[in-house]
Each structure stands twice: as structure tokens, then as C-alpha cells.
Amino acid sequence: MATVCLPKKVSGIFRLNIFNPDEKLFEGISDEVWAPISRAMDIDENDVRANKNLIPLAGRDGKPPVYLKSADNRLFYSTAHPEYGRERL
């Protein structure tokens with residue numbers, strides 16, 4: 001999967017939309033989640049959409065998804081930083 005250099009580093013805590021409200025991973029959560037993000041590169045959204053083995057779960061409008069899973073439900077992918085504490089960003 002290709003990466004794309006961003007024109008400017010993105011850093012902060014961002015609201016993400018859940019793409020499928022019936023997704024078990026987000027069961028009991030509203031239609032949005034918040035995620036700490038810090039990056040100077042991103043994954044290519046076209047590559048994600050073209051890969052039938054990846055299912056986008058949540059992301060920001062007009063940006064590549066932040067949470068994805070494999071089509072067989074065995075793998076979960078995150079491009080966020082859940083290890084960051086509240087004051088890190």
C-alpha cells in the first residue's frame with residue numbers, strides 16, 4: 001500500500017465518523033469516536049478502497065480511514081495513536 005506525504009504535519013485529537021453503525025467493534029458507541037492523530041504521511045485512500053481484503057471502519061470526511069479491519073475479521077488496523085495520553089498532543 002502506498003503512502004502519501006502530507007503538505008503539513010497533522011497533529012491533534014480528531015472526531016471520526018463510524019462508517020457502519022452495525023459494526024460490532026463499535027457496539028454501544030455513538031456514530032462518532034475521537035482519536036489522537038499525529039502524522040506527516042498517510043495511506044493512499046485509493047489503495048484502501050481498491051483492496052477488497054480491507055474494510056474501512058471509521059475516519060474523517062475526505063481523508064483515508066483511521067480504523068480498518070480485514071474482510072475475514074481476523075485483523076484490526078489503526079493509524080491513530082491510542083497510546084498517547086490526554087496531554088501528549
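Positions are given from 1 along the sequence.
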* Nearest non-hydrogen partners of Ser38 and His81, listed with the distance -> O-NE2, 3.3 Å

* Structure fact -> Residue pairs meeting ring pair (Phe, Tyr, Trp, His ring centres under 6.0 Å), one or both in residues 37-65, sequence neighbours left out, come to none

* Asked: For Arg39, which residues count as a side chain to side chain contact (heavy atoms under 4.5 Å, CB included) partner, sequence neighbours excluded?
  -> Leu6, Ile37, Asp42, Thr79

* Asked: Shared ILVMFWY cluster between Leu68 and Val66, side chains joined below 4.5 angstrom?
  -> no

* To do: Could you name each residue pair satisfying ring pair (Phe, Tyr, Trp, His ring centres under 6.0 Å) that touches residues 7-27, not counting sequence neighbours?
  => none

* Asked: Which residue pairs satisfy the side-chain hydrogen bond (donor to acceptor under 3.5 Å, both in side chains) criterion with at least one member in residues 46-56, sequence neighbours excluded?
  -> Glu45-Arg49

* Full working for side-chain contact (heavy atoms from CB on, under 4.5 Å) between Ile43 and Val48 -> CA-CA 8 Å; Ile43 56 177; Val48 172; 3.5 Å; yes

* Any side-chain heavy atom of Leu16 within less than 4.5 Å of one from Trp34? -> no

* Asked: Say you draw a straight line from CG of Leu54 to CG of Leu75; how long is it, rounded to the nearest 0.5 Å?
  -> 9.0 Å

* **Nearest non-hydrogen partners of Ala35 and Ala80, listed with the distance** => CB-CB, 3.9 Å

* Can you hop from Val4 to Met1 via hydrophobic side chains spaced under 4.5 Å? -> no

* Asked: Given Ile18 and Ile29, is the side-chain contact (heavy atoms from CB on, under 4.5 Å) satisfied, shown in steps?
  -> CA-CA 9 Å; Ile18 295 173; Ile29 297 176; 4.2 Å; yes

* Evaluate side-chain contact (heavy atoms from CB on, under 4.5 Å) for Tyr84 paired with Ile13, printing each intermediate quantity in order. => CA-CA 10 Å; Tyr84 284 6; Ile13 300 174; over 6 Å; no

* Grab the two heavy atoms, one from Ala71 and one from Ile55, that are nearest each other, plus how far apart they are. => CA-CD1, 3.7 Å

* Sequence neighbours left out, what passes side chain to side chain contact (heavy atoms under 4.5 Å, CB included) with Met41? Give chain and number order. => Thr3, Cys5

* Which residue pairs pass the side-chain hydrogen bond (donor to acceptor under 3.5 Å, both in side chains) test with at least one member in residues 57-73, sequence neighbours excluded? -> Asn17-Asp61, Glu23-Lys69, Lys69-Asn73, Ser70-Asp72

